[in-house]
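All values below come from the heavy atoms of this structure, side chains included, with hydrogens, waters and symmetry mates left out. First the proteins, then the strands, lettered A, B, ... as listed; each starts at 1.
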Amino acid sequence: MKVGVFICHCGNNIAGTVDVARVAEETRKIPGVAYAINYMYTCSEPGQDQIKDAIKKYDLDRIVVAACSPRMHELTFRRTVEKAGLNRYYFEMANIREHCSWIGEDRELNTNKAMEAVRAAVAKVMQDKPLYSSSFAVNKRVLVIGGGVAGMQAALDCADGGHEVVLVEKSPSVGGMMARLDKTFPTIDCSICILGPKMVDVAQHDLIKLYAYSEVEEVKGYVGNYQIKIRKKATYVDWTKCTGCGECMEKCPSKDAYDSFNFGVAPTKAINIPFPQAIPKKAKIDPTYCRQFTKGKCGVCAKICPTKAINYEMEDEIVTEEVGAIVVASGYGLLDIEKMGEYGGGRYPDVITAIQYERLLNASGPTSGHIVRPSDHEEPKTVVFVSCCGSRDKSIGVPYCSNFCCMYIAKQAILTKDHMPDSQSYVFYMDIRSPGKGYDEFTRRAQEEYGTKYIRGRVSRIFPKGKKMVVRGADTLLGTTVEIEADLVVLANAVTAAPGAPQLAEKLHISYDTNAFYVESHPKLRPVETNTSGVFLAGCAQGPKDIPASVGQGSAAAAKVLSMLSKDFLENDPAIAQVNQNACVGCLKCVKTCPFQAIVEEELRGGKVVAKVIQTVCAGCGVCTSTCPCGAIQLQHFTDNQLLAEVNALCLS
Amino acid sequence: MRVINLSTTSDASFIEQVKKESGQDPAECYQCGNCTAGCPYTEFFDYPVSMIMRLIQAGQKDTVLNSKAIWLCATCETCTTRCPCEVDVAHVMDTLRNIAYREGRYTEKDIKTFYEAFLTSLKNNGRIYELGILMGYKAKTLHLLADADLGPNVLVKRLIHFQPNKIEGRDEVQRIFKRFAEKRDNEKRDNQKRDHHG
Amino acid sequence: MADKDYAYYPGCSLEGTGSAYDASIRLVMQALGVEVKEPHDWSCCGSTPAHAVDHLLAGALAARNLVLVQKMGLKGVSAPCPSCFSALKTAHYRMAKSKAFKDEVNELLDVPYEGTVDVRSTLQFIYENIGVEEVARPVKLALPNMKVAPYYGCILNRPPEIAQFDDPENPVSMDNLISAVGVEVVDYAFKMECCGAAFGVPRKDMVNKLTHKVLSMAIEAGANCIAVACPLCQQNLDLRQAQVNAAMGSSFNIPVLYFSQIMGLTYGFTPKELGIDKGVVDPGNLIETGPIVPKEVEKPKKTKAAAKEAS
Amino acid sequence: MPELAGKELRIVGFLCNWCSYGGADTAGVGRFKQPTDLRIIRVPCSGRIDPLFVVKALINGADGVLVSGCHPRDCHYSDGNYYARRRLEMLKQFLPFMGIDGKRFHYTWVSASEGQRWQKVVTDFTRQVHGIGPLHEKKEAAK
Ligand SMILES: Cc1cc2nc3c(=O)[nH]c(=O)nc-3n(C[C@H](O)[C@H](O)[C@H](O)COP(=O)(O)OP(=O)(O)OC[C@H]3O[C@@H](n4cnc5c(N)ncnc54)[C@H](O)[C@@H]3O)c2cc1C
Ligand SMILES: Cc1cc2nc3c(=O)[nH]c(=O)nc-3n(C[C@H](O)[C@H](O)[C@H](O)COP(=O)(O)OP(=O)(O)OC[C@H]3O[C@@H](n4cnc5c(N)ncnc54)[C@H](O)[C@@H]3O)c2cc1C
Ligand code: SF4
Ligand code: SF4
Ligand code: SF4
Ligand code: SF4
Ligand code: SF4
Ligand code: SF4
Ligand code: SF4
Ligand code: SF4
């Protein structure tokens with residue numbers, strides 16, 4: 001056995017705090033190591049060529065690269081050794097950057113630690129076995145979760161690429177938050193005018209199957225072959241019959257239902273179509289407000305409906321779909337302003353959220369685009385916008401910037417002046433964050449052309465005084481407290497993860513960060529992939545971002561899906577469990593513990609019962625391996641012997 | 001406006017001292033101004049509280065410790081309650097006052113005198129003797145007529161005792177003061193020693 | 001139901017300017033059947049002047065009293081004065097949080113503090129350990145003329161990490177207690193805006209301005225009476241009301257009662273027993289009592305904290 | 001030379017690939033300084049960790065063993081970490097019977113984004129092991 005070891009400098013990233021030459025020198029003393037060298041950038045083209053040349057020149061049969069995290073470059077180097085004729089599993093990485101040079105300050109200790117990491121990797125690689133992947137057929141249908149602008153874009157791009165798409169949307173209509181917006185920055189074009197056609201495309205595309213008012217119940221399978229259970233929630237209206245005529249809504253006597261589309265700006269009916277441009281344009285009963293459900297009598301809608309679509313007995317329905325790839329575009333939520341007690345959030349009617357203000361500005365909103373104060377329906381003259389409301393606020397658990405509120409505040413201030421030329425807007429801000437193309441020019445216009453007064457400082461309190469709301473904040477540039485007597489206060493409340501985001505992540509086996517936004521594979525280089533192959537991200541589900549960025553990610557996720565689905569077969573990862581049938585005593589403990597039901601029992605010819613792994617189902621977790629009392633089932637590439645070799649290399653010397 | 005030379009006047013040891021004594025990291029303040037906006041005393045302060053935080057960040061020891069603001073702060077806790085960065089600002093103000101007191105810097109002399117009158121009464125009696133405090137305070141500040149208008153109401157309604165209420169455990173309380181004074185003296189001596197050798 | 005067996009630490013002000021507060025609390029406790037257990041030979045908590053001068057000294061002066069409660073073998077102590085409450089609770093909190101601080105404080109004491117005493121304001125004790133239902137039980141009379149603006153002052157429930165009681169921005173405990181005894185309350189925005197605190201003596205100018213704001217907001221909201229839970233607040237709002245009027249050109253004449261006095265009136269104690277005559281602004285006919293007229297029971301307002309717990 | 005005598009103790013960490021290994025990477029990317037004693041072995045899932053590995057490590061020369069996986073409910077493989085938790089909890093109870101201080105073994109959960117949490121876990125555990133001192137006196141003396 002001849003092991004070759006390549007120790008990377010990573011410029012100064014490693015060499016700065018690790019004596020790489022010394023590591024190479026010590027490595028040469030390890031039994032089995034035939035060759036060891038340190039090099040500036042191992043992953044560069046000459047770096048990889050050097051590995052290939054050394055394999056040929058010195059007849060190396062196992063390779064170790066001591067460099068960055070295997071999560072970064074394992075795949076790169078596996079390809080390299082394969083090109084040089086070795087099995088790609090005759091390769092190991094020692095992480096001497098993320099786990100060593102970047103976190104330790106003492107050069108001597110770091111160098112020593114790096115040598116240890118190399119020693120363990122060498123021990124492991126000497127135990128490695130060649131593994132070969134097998135290929136399996138790919139289901140070319142796609143599931144998109146969330147029908148906001150990001151999800152719709154992904155669905156349309158995949159469908160235009162020729163694949164069937166299943167689009168699951170939680171609420172009764174697609175459109176997401178963008179469907180609620182009035183105009184959009186920085187061009188101030190009408191939101192629904194640009195979104196509406198996309199929504200119609202989604203509805204009319206032959207290859208898109210839309211499940212509105214539905215949620216993903218269960219996800220089974222693996223990349224290329226998922227089985228999805230979808231819960232179609234009861235609407236109490238047979239959508240195959242409903243024409244969206246709206247007569248039921250007109251006549252329904254229950255008038256105080258919470259309107260989640262309008263964020264409670266005005267009440268709606270117990271049976272309703274969320275908004276005029278809704279897709280699908282179908283009615284739905286909200287049983288918490290419907291008298292038929294709460295009091296047991298009414299039935300007006302059933303009587304009035306010309307197509308007899310109403311069905312009070314309807315129940316949730318579960319359907320199953322099979323797909324090969326998944327795009328998650330479940331969007332975002334907004335911070336509950338009751339958390340901002342000092343702003344009287346939720347207590348004072350004239351302190352509202354920015355999304356409620358969008359609905360007030362919107363010509364098809366509940367006030368037909370007239371800006372009025374909720375308390376007395378009078379037109380406000382002085383409007384105060386409070387930015388970073390809850391954002392960048394550790395004390396309430398939102399340490400991050402919500403990304404787009406600076407921009408929409410400028411937009412709303414401009415629109416306020418457009419609607420009411422004699423009004424005056426103020427904005428309390430900490431920083432104006434407007435780095436996009438044309439964005440800073442836009443926030444400047446809000447100040448220069450539209451006369452919005454920007455005040456640099458946070459607001460500490462908002463309280464009523466007569467008919468006014470007093471906003472008391474700091475002007476840190478003046479160095480003192482300022483008070484404004486406002487008619488209406490608009491809070492730019494923080495963007496949060498979508499409600500239920502963690503639960504959805506758990507179904508999909510993808511990770512989420514401490515703020516419940518989904519985690520991408522790599523923050524720079526793989527922004528729309530997840531660590532679960534076959535699952536992709538788009539839009540605000542990954543983190544707050546504006547419409548252009550959401551749409552960009554929707555298309556990027558679709559491109560990733562299309563490139564994956566361009567192959568008819570995928571190769572599996574051969575690092576899966578394997579049963580040694582001679583050693584197996586047929587206790588079937590592994591069958592019970594496998595989280596993926598990947599193990600079945602098999603009767604051999606002699607009548608002996610043993611365990612058998614279904615290759616395509618095994619996900620490679622290794623739970624079975626540590627369950628088996630006989631060591632009969634071994635997770636390849638992480639066998640007991642291989643891991644113990646590492647333990648011994650670290651502990652026995 | 002004064003020009004501040006940050007290369008020569010920023011006192012790193014002062015920043016460290018505030019950090020250590022208050023347990024708060026001044027660097028966590030991002031200068032949003034919320035504390036200033038909420039502080040009921042901003043109109044009386046010479047430097048609003050967020051600016052005190054900024055001056056600490058800039059290591060401006062003298063300006064901070066000679067400010068009126070640190071004496072006028074009433075520890076009302078508004079700033080602490082609302083600071084988005086979870087800085088216990090009121091405790092920082094308190095700490096600054098402690099340091100200033102130790103260094104003999106009293107920019108608001110009347111307040112310092114009032115506090116001392118209070119603590120003297122506490123030390124002597126174990127409890128507070130309100131009339132005693134008032135008399136002690138007036139004798140020192142010579143504000144003899146301050147609050148005289150309240151006199152009739154206070155006395156007629158017998159809001160104030162004429163006799164100090166002394167407790168049995170007076171000596172125990174006095175021991176607290178004594179051990180405290182010794183401890184601080186020792187520290188001072190140690191510090192001086194260290195400065196000499198260091 | 002939480003434990004009612006708590007010590008009662010009156011604090012110095014309640015022996016002097018706040019004696020009416022003390023008297024009314026004792027009567028209310030009597031009506032509620034809760035024994036008042038005063039630690040023997042308690043000393044001053046140190047209040048603002050101690051922590052303004054030195055944290056360690058402040059910690060020790062407060063902790064001496066916690067040790068007394070510890071000796072009584074009781075689970076906790078309630079203090080009517082927010083200043084005492086804050087001094088005691090802050091000492092307890094800081095000692096719990098830092099072992100170094102605890103050791104330093106204990107070095108100054110004869111008997112070390114073990115860190116076992118639960119400190120509450122007497123308002124919190126009545127609200128949480130006794131509860132609004134119990135509080136409503138002894139009510140005999142109504143106060144039909146009274147419209148109360150409860151004033152909490154700044155440190156009764158702040159900072160939330162230390163006080164751990166009620167909502168720091170919109171407290172409702174006193175509102176709920178007063179409603180529970182059948183008296184009308186008004187909502188206003190300056191419930192916990194500072195009144196000037198202990199600066200009455202050295203910096204009257206500040207107190208005048210701040211107190212003026214509080215009084216005018218309460219009156220604007222329709223109140224004809226202010227309820228307080230603090231002897232210092234009472235002093236600034238009541239005793240100094242004439243000074244405020246003189247300095248600010250106002251003509252306020254609004255009585256300021258302790259919440260316990262209002263409760264006591266509905267329990268049938270006389271204004272004299274409750275020390276209401278010690279107030280400067282005469283409550284006049286506001287304290288006239290009448291027979292109870294049954295009205296629709298209002299649900300207690302929820303605080304943010306309570307709502308969080310419920311969910 | 002496994003650990004630098006006098007400066008380090010020998011600590012072995014078993015980390016699941018998806019969460020904690022990523023968390024340790026994140027800590028590295030964020031340059032969150034940590035003690036250097038820990039040597040990391042990557043496994044696909046905390047459910048792959050056989051208590052035997054921990055015991056072997058401690059017997060063969062480690063002074064402490066740290067195991068870290070995904071947060072409960074956030075396991076890349078559904079519920080591998082539940083199996084891990086059950087086994088490792090049993091192991092923790094069992095160690096004292098082998099004469100090994102239970103404090104030499106710690107298992108916890110760190111997600112891929114929690115670089116700062118990882119820094120704290122490593123720092124605290126290293127401190128804890130240093131508090132107990134080396135497990136293998138003989139070898140120490142021989143050096
Ligand atoms: C007040 C305000 C003004 C704004 N103004 C602008 C502007 O002018 N210009 C601009 O560029 N951006 C603006 N934005 C930002 C814009 O709203 C977002 O960039 C955009 O909506 C993100 O799209 P998305 O598809 O990622 O998420 P969303 O719009 O949130 O869509 C997500 C969709 O997924 C659905 N969903 C959620 N969970 C599930 C689940 N579990 N299963 C199935 N479906 C689910 C939701 O119902 C929703 O339909 C504004 C935002 C606000 C709050
Ligand atoms: C000082 C500095 C620090 C930065 N730090 C960071 C950082 O820490 N993190 C981060 O995310 N971003 C950082 N950036 C930004 C980062 O550099 C860019 O985001 C990134 O390089 C953009 O990649 P690109 O491919 O679009 O453009 P480029 O990197 O500019 O690549 C364009 C390529 O096209 C070639 N080209 C140009 N014209 C033609 C032509 N007519 N025909 C053929 N080829 C052509 C150019 O030669 C070039 O190779 C930093 C930028 C600067 C200036
Ligand atoms: S292989 Fe990794 S460590 Fe080496 S140069 Fe490339 S990125 Fe850096
Ligand atoms: S349910 Fe009937 S009445 Fe209502 S919109 Fe549909 S078709 Fe019209
Ligand atoms: S049955 Fe319900 S939804 Fe239909 S009209 Fe009556 S209240 Fe409205
Ligand atoms: S985008 Fe602007 S307003 Fe929104 S959180 Fe960031 S800085 Fe604050
Ligand atoms: S646990 Fe081991 S012995 Fe038992 S059936 Fe599975 S492979 Fe065979
Ligand atoms: S490794 Fe074992 S337990 Fe895990 S999925 Fe494969 S067969 Fe199941
Ligand atoms: S509130 Fe906090 S962060 Fe803001 S200026 Fe004050 S101390 Fe700094
Ligand atoms: S604690 Fe002091 S600085 Fe803070 S708000 Fe109150 S008075 Fe101002």
Side-chain angles (χ1 to χ4, degrees), chain B residues 21 23 40-41 43-44 71-72 74-78 80-81 88 90 94-95 97-98 101-102 108 110-111 113-116 118-119 121-122 125-131 133-134 137 141 146-147 149-150 153-154 157-161 165 167-170 172-173 175-177 179-180 183-184, chain C residues 12-13 15-19 40-44 46-57 60-61 64 86 98 104 107-110 154-155 158-162 168-169 192-194 196-206 209-210 213 235 239-240 242-243 246 277-280:
Chain B
E21 287 195 28
Y41 294 85
E43 59 180 308
F44 308 106
W71 290 97
L72 296 179
T75 327
C76 73
E77 307 284 358
T78 312
T80 297
T81 304
D88 188 344
D94 226 11
T95 304
R97 194 158 43 218
N98 287 184
Y101 185 84
R102 239 176 292 146
E108 281 280 320
D110 289 359
I111 293 175
T113 308
F114 174 70
Y115 287 163
E116 284 185 339
F118 184 102
L119 290 176
S121 168
L122 203 175
N125 308 312
R127 288 191 193 162
I128 293 311
Y129 169 43
E130 286 166 325
L131 197 61
I133 298 174
L134 226 51
Y137 169 75
T141 57
D147 275 344
D149 51 341
L150 297 182
N153 270 329
V154 176
K157 304 229 172 204
R158 259 173 291 142
L159 291 178
I160 287 184
H161 287 267
N165 198 348
I167 68 164
E168 292 161 23
R170 265 194 328 272
E172 192 187 338
V173 172
R175 277 196 294 278
I176 293 179
F177 275 91
R179 290 187 198 124
F180 167 72
K183 186 175 162 69
R184 287 288 182 244
Chain C
C12 309
S13 304
E15 293 198 316
T17 43
S19 60
H40 172 69
D41 207 40
W42 54 266
S43 49
C44 170
S47 192
T48 310
H51 72 75
V53 164
D54 201 291
H55 293 140
L56 183 58
L57 178 64
L61 289 171
R64 179 187 178 266
S86 174
S98 153
E104 277 192 306
E107 267 173 44
L108 304 189
L109 298 177
D110 285 5
C154 16
I155 52 176
R158 291 195 308 202
E161 291 72 41
I162 297 183
E169 297 295 349
M192 45 357 132
E193 209 76 5
C194 189
F199 288 129
V201 179
R203 283 295 301 265
K204 236 188 321 185
D205 55 325
M206 301 199 301
K209 270 197 170 174
L210 297 174
K213 269 197 214 160
Q235 217 180 79
L239 182 61
R240 295 184 185 280
Q243 281 181 349
D277 57 326
K278 296 206 169 163
V280 176

Just wondering, do B:F177 and C:L57 contact through their side chains at under 4.5 Å, heavy atoms?
yes
Rounding to 0.5 Å, atoms NE2 (C:H55) and CG (B:N98) come to a distance of 4.5 Å
Look at B:R170, B:E108, B:E172, B:E21 and state which one has the largest set of heavy-atom pairs under 4.5 Å with chain C.
B:E172
So, do B:T81 and C:E169 sit near enough that their side-chain heavy atoms are less than 4.5 Å apart?
yes
For the pair B:R175 and C:L108, evaluate side chain to side chain contact (heavy atoms under 4.5 Å, CB included) and give the outcome as yes or no after the intermediate values.
CA-CA 8 Å; B:R175 277 196 294 278; C:L108 304 189; over 6 Å; no
Examine whether an atom of B:I111 lies under 4.5 Å from a heavy atom of chain C, and if so say whether it belongs to the side chain, the backbone or both; otherwise answer neither.
both
In the structure I gave you, are the side-chain heavy atoms of C:M206 and B:E43 within less than 4.5 Å of one another anywhere?
no
So CD of C:E107 and CD1 of B:I176: to nearest 0.5 Å the spacing works out to 13.0 Å
Donor on one side chain, acceptor on other, C:H40 and B:E168, under 3.5 Å:
yes
Separation between NE2 of C:H51 and OG1 of B:T95, rounded to the nearest 0.5 Å
11.0 Å
Roughly how far, to the nearest 0.5 Å, is SG of C:C12 from CZ of B:R127?
7.0 Å
Do C:V53 and B:E116 have side chains that get closer than 4.5 Å, going by heavy atoms?
no
Hey, which of B:F180, B:Y101, B:W71 has the most heavy atom pairs under 4.5 Å with chain C?
B:F180
Can you find a side-chain donor-acceptor pair between B:T78 and C:R158 that sits under 3.5 Å?
yes
Step by step, work out the salt bridge (Lys or Arg N to Asp or Glu O under 4.0 Å) result for C:D110 and B:R179.
CA-CA 10 Å; C:D110 285 5; B:R179 290 187 198 124; 2.7 Å; yes
Looking at every non-hydrogen atom in both residues, tell me the closest pair between C:L61 and B:V173 and how far apart they are.
CD2-CG1, 4.2 Å
For residues C:D41 and B:G169, report the shortest heavy-atom separation together with the two atoms involved.
OD2-N, 2.6 Å
Could you tell me which portion of C:R64 (side chain, backbone, both or neither) has an atom closer than 4.5 angstrom to a non-hydrogen atom of chain B?
side chain
Looking at side-chain heavy atoms only, is the closest gap between C:T48 and B:Y115 below 4.5 Å?
yes
Within 6.0 Å of NZ in B:K183, more than 12 heavy atoms from elsewhere
yes
Side-chain heavy-atom pair B:E77, C:P159 within 4.5 angstrom cut-off
yes
Taking every heavy atom of C:S43 against every heavy atom of B:I167, the minimum-distance pair comes out as CB-CD1, 3.7 Å
Determine the option with the most heavy-atom pairs under 4.5 angstrom with chain C, choosing from B:T80, B:D94, B:L72.
B:D94
OH of B:Y41 to CZ of C:F199, rounded to nearest 0.5 Å, is 5.5 Å
Contact summary for C:G46 and B:L122, nearest pair of heavy atoms
CA-CD1, 3.9 Å
Heavy-atom distances under 4.5 Å only: say whether C:L210 touches chain B with side chain, backbone, both or neither.
side chain
Would you give the length of the straight line joining atom CG of B:D88 to atom CD1 of C:I162, rounded to the nearest 0.5 angstrom?
6.5 Å
